[in-house]
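Okay, so here's the structure we're looking at.
Both counts, for ligands and for their atoms, begin at 1 and track the order of listing. Along the sequence shown, residues are numbered consecutively beginning with 1.
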Amino acid sequence: MWKGRFTQDTSSLVQQYGESVSYDWRLYPHDIAGSIAHARAQKNAGILTAEEFSQIEEGLTAILADIEAGNFEFKTSLEDIHMNIESELTKRIGAAGAKLHTARSRNDQVATDTRLYCRQAIDDLVKLLRDLQLVLVNKAETYAASVMPGYTHLQRGQPVTIGHHFLAYVEMLDRDAARLMDARKRVNISPLGSGALAGSTINLDRRAIAAELGFDDVTRNSMDAIADRDYIAEMIFAISLCGVHLSRLSEDLILWCTAEFAFAALADAHTTGSSLMPQKKNPDVCELTRGKTGRLVGNLMAILTAIKGLPLTYNRDLQEDKEPLFDSIDTLKLALAVNTEMIAAMTMREDRCAQAAADPMLLATDLADYLVKKGVPFRHAHELVGKAVAVAIATETPLDQVDLPAISEHYGADTGEIFHLHRALAARTNPGCPNPELVMQQVRLWKDLLAQN
Ligand code: ARG
């Protein structure tokens, strides 16, 4: 399709090296929709007769059906999806097909197709994110009032509710959805009409084409429109960060499923056994999510590095945008779906969680707050509680049974109140705290929000 000035055939190694149809074939519905919109604008500009436009529209619609039915042969000799479809169209309808590429380049065509592809992927991903959020909200509801230790440095810190822990992930996933929806605003702009880099002397109605394809606007600078892959980098970033969140969730679940923690149990359907050790039940899904996140982050490095040294406008390096993009989208979609299913079916061992949170030591901070309420400056209170902790450790006595008044006159006879777990949680009445009532408020809020999506 570009052989006019060449006297030699392309080396077969070069064909093998440069073909993209083996992966960009999946752009086909967008390529066809873009071509039909482009052809309609050509008809309206008098470049195509009504008859030629119908031939193109029908020809492309038939090709779409054939691809969908698996009756289309993609040829690597035709490089990419764009030339595969156009060449087949011309083969089928003749002269009119050869007019389709008027006032268009594969450069604005590929940017159009990938933007449409990204838009669809964003909508799919946001839906999957909402499904996972809902499953986590349901878990939070089930365990709204169940206590467990909260950790810093993977050391028991303070008691929290299991529901509060699950809702932390609902927040992360919400930011992931918001990031994708924000990226959508920049994705959904039509580059068609930018041509190879400098537009065309044949002026088609760019806004009409954009409207037909559901774009919100048209790009303002043809050179930027051709060179821009920010929208792909943004998507891969948003996907990577979501992967990082799922990876952290996986790590929590892996720990919880150890015999050492034994806080949670995954369903058999979401675990695997060992071919050697008959007793094993392994959290492979969590490990795969954690492992695959490495690849998502790698894809982000790949796209950023591919773009960084490129002079304006199109360079063939840009063809390298698609494999990391497709891989990231596919990987996250599956990760979200499998995590949704797995978390819906998992159970928490409330007895074990409560046991782990039962050590009165976890309320040492509350004891310091008690002293503060008696007028002791916090730094001094911290030191007085530290002394009590030291006695508890040295004498192997639970903190609530240490003779506190012997350590300081600030300790009254009422310190026993402090070591009541449920009272301690209920005392946290500020927004954002693990108080079971507040967790339930959040659960209701999320259910309302998610029902609107
Ligand atoms: N397959 C190419 C890509 O993905 C399409 C654009 C080709 N443009 C060009 N000037 N060779 O980037």
Side-chain angles (χ1 to χ4, degrees), residues 1-6 8-35 37-38 60 63 67 72-90 100-121 187 189-200 213 219 222-236 299 302-330:
M1 290 186 157
W2 39 255
K3 291 247 155 86
R5 63 158 290 173
F6 291 82
Q8 279 186 335
D9 283 341
T10 310
S11 140
S12 66
L13 275 177
V14 170
Q15 269 187 28
Q16 196 187 330
Y17 199 52
E19 69 83 19
S20 57
V21 71
S22 55
Y23 49 87
D24 69 13
W25 65 269
R26 59 164 91 191
L27 295 174
Y28 73 87
H30 309 297
D31 197 72
I32 287 172
S35 287
H38 182 70
L60 287 171
I63 290 175
I67 297 177
F72 189 93
E73 195 205 334
F74 294 106
K75 299 194 186 87
T76 53
S77 57
L78 288 167
E79 238 181 86
D80 55 27
I81 182 63
H82 324 294
M83 295 209 285
N84 267 271
I85 291 178
E86 194 192 322
S87 141
E88 179 64 20
L89 179 70
T90 308
L100 176 62
H101 212 52
T102 312
R104 181 175 81 173
S105 153
R106 273 185 297 152
N107 295 353
D108 56 351
Q109 192 179 357
V110 73
T112 304
D113 294 4
T114 44
R115 282 171 181 270
L116 291 172
Y117 186 88
C118 286
R119 184 179 72 190
Q120 181 62 54
V187 162
I189 311 286
S190 175
L192 215 55
S194 302
L197 79 157
S200 171
L213 295 171
T219 53
S222 65
M223 295 178 76
D224 177 51
I226 293 310
D228 177 26
R229 292 296 182 273
D230 293 5
Y231 59 99
I232 293 184
E234 275 193 66
M235 274 208 67
I236 298 183
N299 287 341
I303 185 68
L304 291 174
T305 311
I307 300 169
K308 72 175 267 297
L310 301 186
L312 296 187
T313 51
Y314 182 83
N315 300 270
R316 193 63 181 276
D317 316 45
L318 290 176
Q319 183 168 292
E320 291 293 313
D321 60 357
K322 284 170 215 62
E323 285 172 292
L325 175 70
F326 297 159
D327 179 52
S328 290
I329 292 168
D330 291 349

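- The existence of a salt bridge linking Glu79 and Arg316 is confirmed by a sub-4.0 Å separation between a basic side-chain nitrogen and an acidic carboxylate oxygen.
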Item to check | Pair Arg26-Asp330, salt bridge (charged side-chain N to carboxylate O under 4.0 Å, His left out): steps then yes or no | outcome: CA-CA 12 Å; Arg26 59 164 91 191; Asp330 291 349; 2.8 Å; yes

What are the atom names and distances for all N or O pairs under 3.5 Å between ligand 1 and the protein?
unit_1, atom_1, unit_2, atom_2, d
ligand 1, 1 (N), Ser20, OG, 3.4
ligand 1, 1 (N), Asp80, OD2, 3.0
ligand 1, 1 (N), Gln319, OE1, 2.9
ligand 1, 4 (O), Lys322, NZ, 2.5
ligand 1, 8 (N), Asn107, OD1, 2.9
ligand 1, 10 (N), Asn107, OD1, 3.2
ligand 1, 12 (O), Tyr314, OH, 2.4

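- Under 4.0 Å is where a charged nitrogen must lie from a carboxylate oxygen, and between Arg229 and Asp321 at least one such pair does.
- A donor-acceptor distance shorter than 3.5 angstrom exists from the side chain of Asn315 to the backbone of Thr313, with no hydrogens or angles considered.
- Remark: Ala37 pairs with Ile209, Glu212, Leu213 by the side-chain contact (heavy atoms from CB on, under 4.5 Å) rule, at least two apart or across chains.
- Between Trp25 and Phe74, the ring planes are tilted. Angles from 30° to 60° get that label.
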